[in-house]
There are 2 protein chains.
Amino acid sequence: MTPRSGPAPQLAARPKGRVRRQQESAILKAAERVFARTGFEGGTMTEIASLAGLPKANLHYYFRCKDELYRAVLDNILSLWLAETEVITIDADPASALSAYVAAKMRLSATRPDASRVFANEVIHGATRIGGFLRDELSSVVAQRALVIDQWASEGRIAPIDATHLFFTIWAATQTYADFESQVCAVLGKTRLGKADLVRASAHVTTVVLRSCGLPCAGAGPATPPLPSISH
Amino acid sequence: MTPRSGPAPQLAARPKGRVRRQQESAILKAAERVFARTGFEGGTMTEIASLAGLPKANLHYYFRCKDELYRAVLDNILSLWLAETEVITIDADPASALSAYVAAKMRLSATRPDASRVFANEVIHGATRIGGFLRDELSSVVAQRALVIDQWASEGRIAPIDATHLFFTIWAATQTYADFESQVCAVLGKTRLGKADLVRASAHVTTVVLRSCGLPCAGAGPATPPLPSISH
DNA sequence: GTCTATACCTGGATAGAC
DNA sequence: GTCTATCCAGGTATAGAC
């Protein structure tokens with residue numbers, strides 16, 4: 001539909017000029033914000049258009065319909081979700097690897113809270129549009145990494161723990177600072193989370209994860225003594 | 001709020017006959033389900049009415065408007081949210097109290113997943129309607145219980161930990177089995193969570209919480225040795 | 001490619017008979 | 001108290017000039 005000049009004009013994925021990419025990313029950015037605030041049904045095309053600074057009809061020029069725009073927003077987000085698990089390898093130091101993973105997830109919650117909220121919203125409502133991603137990509141990544149953690153445990157480098165559920169816990173504990181930010185703020189008596197709060201939160205979650213694996217954690221007080229039988 | 005028969009028939013809160021209560025609870029039940037699936041804006045009055053088995057106009061007879069119905073659903077849910085914290089007292093055994101609290105939260109996720117999802121949805125979207133509850137009731141309950149946990153730590157009965165953030169972690173880790181059920185199922189390769197899954201999940205979260213507090217946990221393998229310096 | 005004007009429809013809310 | 005028929009706002013999507 002936008003067959004520009006050049007050697008290979010696709011039918012599905014069009015070539016995309018520089019301007020087009022710019023407009024699309026502006027729209028996607030606005031859409032992420034709007035969908036994060038009120039969900040798919042709650043957010044309106046008018047709202048997204050005004051936030052992106054262009055007339056409503058232009059959205060339909062770049063994205064056929066609201067649902068297509070929403071899926072594009074989700075696609076944009078999903079790639080973020082698998083990242084950072086690669087630090088979890090057999091050869092890595094468990095404490096360092098887990099700390100790095102938690103830190104990465106916390107950073108994501110801090111820098112892309114809207115992305116997290118759109119994802120959360122979609123999952124809560126049944127994940128109808130991203131079921132394939134969850135069942136295929138995500139579950140296979142988790143399965144791989146869980147094997148690594150099991151291996152660590154069988155070598156006595158960490159305490160035995162249910163590795164798959166550990167992932168659920170890490171995701172929940174980190175994403176709560178984005179998804180449930182308003183609750184966290186209310187309980188802390190703040191209007192929004194500052195950098196100091198997030199540093200504190202990150203340290204806390206790291207402590208929880210490391211202690212859950214029977215690992216001592218630097219700077220967390222006289223918490224858990226080193227595992228009696230460490231072998232490497 | 002429920003002035004039954006007697007001297008003073010109010011204008012705002014009406015007396016409520018038995019039938020009225022029945023109808024209202026049927027509507028509330030249907031509404032919770034519908035709002036859980038698609039959020040406030042996504043759920044329609046038509047859908048709720050058909051699920052409750054009565055014509056749409058009747059909803060408006062019992063609840064002035066959609067927003068009022070939604071708030072009623074939320075009110076119904078909020079009371080559940082503060083429950084069970086009373087097990088956390090200075091005199092209690094930390095391991096037992098924390099285990100009981102986690103178990104209670106897991107039970108809530110298992111038995112009232114829709115309630116959890118409606119609550120999550122509201123918080124993600126900014127908690128505009130329950131801000132007062134979060135800032136007043138919830139935060140004060142948390143502040144009280146955090147003092148208890150701090151006291152436990154200062155007495156050396158548990159390892160030092162950020163008590164307020166520990167609550168965030170417990171809520172996140174337990175509610176994820178309701179709110180993110182579709183993700184959990186996808187990763188586990190199931191279509192829905194069975195009793196066995198929830199038992200396993202509950203054991204896992206309990207382990208995480210106890211280990212985070214430097215406490216040994218029964219039946220969780222050779223994880224954390226008892227704290228070296230326990231005083232009571 | 002961009003924008004204005006508009007068609008079409010869904011969904012909340014109400015009127016008024018029973 | 002219950003239900004049918006209807007109103008009307010607001011939202012998606014499109015037509016068609018520029």
Side-chain angles (χ1 to χ4, degrees), chain A residues 1-6 9 13-28 30-74 121 125 129, chain B residues 4-5 9-11 13-28 30-74 121 125 129:
Chain A
M1 35 214 58
T2 33
R4 286 176 45 70
S5 64
R14 43 251 162 136
K16 293 189 183 180
R18 314 105 204 96
V19 281
R20 181 172 204 110
R21 295 195 80 86
Q22 255 187 351
Q23 292 278 48
E24 283 186 0
S25 91
I27 294 171
L28 287 171
E32 180 176 293
R33 198 178 175 85
V34 169
F35 287 138
R37 299 208 182 275
T38 35
F40 173 68
E41 289 89 356
T44 71
M45 295 296 268
T46 311
E47 205 179 346
I48 295 170
S50 87
L51 190 60
L54 27 79
K56 192 171 55 158
N58 288 31
L59 300 196
H60 285 97
Y61 175 74
Y62 289 107
F63 301 91
R64 214 175 308 282
C65 62
K66 188 185 181 184
D67 195 76
E68 188 176 309
L69 172 56
Y70 180 64
R71 283 170 193 270
V73 171
L74 281 175
N121 207 62
H125 296 348
R129 288 167 248 239
Chain B
R4 286 181 43 71
S5 66
Q10 261 79 53
L11 37 150
R14 42 252 159 135
K16 292 190 183 180
R18 314 105 206 93
V19 279
R20 180 169 206 113
R21 294 197 80 86
Q22 255 187 351
Q23 293 279 46
E24 283 186 0
S25 90
I27 295 170
L28 286 171
E32 180 177 292
R33 198 179 175 87
V34 169
F35 288 139
R37 298 208 183 276
T38 35
F40 173 69
E41 287 89 356
T44 71
M45 296 295 270
T46 311
E47 204 179 346
I48 295 169
S50 87
L51 190 60
L54 28 77
K56 190 171 58 158
N58 288 29
L59 301 196
H60 286 96
Y61 175 74
Y62 289 107
F63 300 91
R64 216 173 309 282
C65 62
K66 188 185 182 184
D67 195 77
E68 188 176 309
L69 172 55
Y70 180 63
R71 282 170 194 270
V73 172
L74 281 175
N121 207 62
H125 296 347
R129 288 166 247 240

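Every chain is numbered from 1, with letters handed out A, B, ... down the list of sequences. Just so it is clear, the structure is predicted and the values come from calculations on it, not from any experiment.
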Can you tell me how the ring of B:Phe40 sits relative to the ring of B:Tyr70, calling it parallel under 30°, perpendicular over 60° and tilted otherwise?
tilted
Taking all atoms of both residues into account, what is the closest heavy-atom pair of A:Gly39 and A:Asn121, and its distance?
CA-ND2, 3.3 Å
Donor-acceptor pair, side chain of A:Thr38 and main chain of A:Phe35, under 3.5 angstrom
no
A:Glu68 versus A:Tyr62, closest heavy-atom pair with distance
OE2-O, 4.4 Å
Take atom CE of B:Met45 and atom P of D:dT4, then tell me their distance rounded to the nearest Å.
16 Å
Minimum heavy-atom separation for A:Glu47 and A:Gly43, please, with both atom names.
OE1-CA, 4.0 Å
Taking only N/O atoms, report every protein-nucleotides 3-9 of chain C pair under 3.5 Å with atom names and distance.
unit_1	atom_1	unit_2	atom_2	d
C:dC3	OP2	A:Asn58	ND2	2.8

Mind checking A:Gly43 for me? I need base, sugar-phosphate or nothing, with any heavy atom below 4.0 Å counting as a touch.
sugar-phosphate
Let me see the working for A:Ile48 and A:Lys66 under side-chain contact (heavy atoms from CB on, under 4.5 Å), right down to the final yes or no.
CA-CA 10 Å; A:Ile48 295 170; A:Lys66 188 185 181 184; 5.9 Å; no
Calculate the interatomic distance between B:Gln22 atom CD and D:dG1 atom C1'; express it in whole Å.
14 Å
Scan nucleotides 16-18 of chain C against the protein and return all N/O pairs shorter than 3.5 Å with their distances rounded to 0.1 Å.
none

Measure CG/A:Leu59 against P/C:dT2 and give the value in whole Å, please.
12 Å
What's the shortest heavy-atom distance between A:Ala49 and A:Pro55, and which atoms?
CB-C, 4.0 Å
From the options C:dA13, D:dG1, D:dT14, select the nucleotide whose nearest atom is closest to the side chain of A:His60.
D:dT14
Just how far, in rounded Å, is P of C:dT10 from CD of B:Glu47?
14 Å
Rounded to whole angstroms, how far apart are OH on A:Tyr61 and C1' on D:dA15?
16 Å
Side chain of A:Lys66 only, please: which of D:dT2, C:dG1, D:dA13 is the nearest?
D:dA13
In whole angstroms, how far is the C1' atom of D:dT14 from the CZ atom of A:Phe63?
18 Å
Short side-chain N/O contact to C:dT2 OP1/OP2 from A:Tyr62, under 4.0 Å:
yes
Below the 4.0 Å mark, does C:dA13 have OP1 or OP2 next to a side-chain nitrogen or oxygen of B:Arg64?
no
Report the distance from atom CZ of A:Arg21 to atom C1' of C:dG1, rounded to the nearest whole Å.
18 Å
The side-chain contact (heavy atoms from CB on, under 4.5 Å) partner of B:Ile27 among B:Leu51, B:Val73, B:Leu59 is B:Leu59
Taking every heavy atom of A:Ala26 against every heavy atom of A:Ala52, the minimum-distance pair comes out as O-CB, 4.2 Å
Nearest-Å distance, CZ (A:Phe40) to P (D:dG11)?
14 Å
